[in-house]
Amino acid sequence: MPPVFDCREREQMLSGMRQARQAISRGDVIVTPTDTVYGVAADAFSPAAVQKLLDAKGRSRQQPPPVLVGSTDALHALVESVPDEVTRLVEAFWPGGLTIVLPAQPSLTWDLGETQGTVAVRQPDHPIALELLAETGPLAVSSANRTGEAAAIDVTSAQAMLGETVALYLDDGPVPTGVASTIVDATSLAGGRGEPAVRVLREGAISRDRLREVLGDLLEEPHEEDPSG
């Protein structure tokens, strides 16, 4: 079984973070705590590493992972443009539980799967994740579970589902809430993509009411068939 590093103990944290960076740099997949649920992480710019992540979860390329960033500067580097309304969302909810889908920067050489030219980006509010991101750069990160299973809220749950498909586990105890991030599609705000609106793709840590406080009428009402509504 891959090693588990208890990041609540300083020596284990230092060793675990060092080995996590090394694992990411050689294209392996790791499990890390975030502010929402535990995540399985890989180098976003390594197609082989992203494929390992998808394989670990049992997902296809039709389900590309989001990308976690350590700063808003990194957001600007990954997307085609950052509309003013998205800036307001970032100021209100980052770091935190909001994932924003925007058109990806076309000059980037990466392969996250069948993204249709978009990327889902989030800055987590967790010291371990943020320190890792500061040293590795953007990471492809999805919830640490097999597809169809509940997202892991502690390392034991992640181990039970992912086993030896990852290189190591960073343990920071149970996550406080265990509620996945809210995902919003803001691609239409980037211009030339239909009527400007922000659609909730998945409701989670950030409620519609809180989003509406920032977006007003730009927040699209849920469709009847939308399970997040």
Side-chain angles (χ1 to χ4, degrees), residues 2 20 23-34 36-69 75 78-80 97-122 124 129 132-133 136-153 155 157-169 178-188 193 199-205 222-223 225-229:
I24 293 292
S25 68
R26 65 175 179 261
D28 285 335
V29 178
I30 69 161
V31 165
T32 180
T34 77
T36 54
V37 296
Y38 272 74
V40 57
D43 180 357
F45 294 97
S46 168
V50 171
Q51 188 60 53
K52 282 185 182 180
L53 185 157
L54 294 174
D55 291 344
K57 286 181 62 71
R59 293 178 79 162
S60 70
R61 285 175 51 81
Q62 281 66 46
Q63 299 171 294
V67 174
L68 293 193
V69 296
L75 168 68
L78 296 183
V79 302
E80 190 175 75
L98 181 66
T99 300
I100 305 171
V101 180
L102 285 166
Q105 172 60 250
S107 64
L108 292 176
T109 54
W110 60 358
D111 183 4
L112 298 170
E114 302 302 324
T115 64
Q116 308 301 314
T118 66
V119 62
V121 189
R122 183 170 87 88
L132 190 61
L133 288 161
T136 63
L139 294 173
V141 180
S142 186
S143 55
N145 59 282
R146 292 287 294 178
T147 296
E149 301 291 332
I153 61 171
V155 157
S157 301
Q159 284 180 297
M161 289 182 278
L162 299 176
E164 298 185 4
T165 61
V166 304
L168 61 86
Y169 295 82
V179 178
S181 70
T182 293
I183 304 176
V184 297
D185 181 352
T187 54
S188 67
R193 293 174 172 84
R199 183 184 180 200
V200 177
L201 301 180
R202 181 182 73 191
E203 193 160 349
H223 297 287
E225 70 273 15
D226 185 350
S228 66

Could you check whether R202 and S181, counting side-chain N and O atoms only, form a donor-acceptor pair closer than 3.5 Å? yes
So do the side chains of V200 and T182 get within less than 4.5 Å of each other, counting heavy atoms only? yes
When rounded to the nearest 0.5 angstrom, what is the spacing between OG in S143 and OH in Y38? 14.0 Å
Considering the options V79, L68, I100, which one meets the side-chain contact (heavy atoms from CB on, under 4.5 Å) requirement together with V121? V79
In this structure, CD of E114 is separated from CD of Q62 (nearest 0.5 Å) by 5.5 Å
Derivation of the side-chain contact (heavy atoms from CB on, under 4.5 Å) call for L112 and V119: CA-CA 9 Å; L112 298 170; V119 62; 4.1 Å; yes
Pair V101-I183, side-chain contact (heavy atoms from CB on, under 4.5 Å): steps then yes or no: CA-CA 7 Å; V101 180; I183 304 176; 3.9 Å; yes
Looking only at heavy atoms, what is the nearest atom pair of G163 and Y169, with distance? O-OH, 2.6 Å
Partner of L53 by side-chain contact (heavy atoms from CB on, under 4.5 Å), out of P65, P64, S46: P65
Closest approach of N145 to A150 (non-hydrogen atoms, all atoms of both residues): CB-O, 3.3 Å
How long is the straight-line distance from OG1 of T187 back to CD of E80, given to the nearest 0.5 Å? 10.5 Å
K57 vs T147 side-chain heavy atoms within contact, under 4.5 Å: yes
Under the rule for side-chain contact (heavy atoms from CB on, under 4.5 Å), what residues qualify as partners of A41, not counting sequence neighbours? I30, T32, L139, V141
Identify the heavy atoms of Q51 and R61 that sit nearest to each other, and give their distance. OE1-CG, 4.0 Å
Are V69 and L78 packed together at the side-chain level, in the sense that at least one heavy-atom pair is separated by less than 4.5 angstrom? yes
Side chains of V67 and W110, heavy atoms from C-beta outward: is any pair under 4.5 Å? yes
Of all residues at least two apart in sequence or in a different chain, which pass the salt bridge (charged side-chain N to carboxylate O under 4.0 Å, His left out) check with D28? R26, K52
Heavy atoms only: give me the nearest R122-L98 pair and the separation to one decimal. CG-O, 3.2 Å
Identify the heavy atoms of L162 and V40 that sit nearest to each other, and give their distance. CD1-CB, 4.3 Å
Can you name the nearest heavy-atom pair linking A23 to L168, along with the distance? CB-CD2, 4.4 Å
Calculate, to the nearest 0.5 Å, the distance between atoms CZ and CG belonging to R199 and D185 respectively. 8.0 Å
L54/Q63 under side-chain contact (heavy atoms from CB on, under 4.5 Å): CA gap, chis, key distance, verdict: CA-CA 8 Å; L54 294 174; Q63 299 171 294; 5.5 Å; no
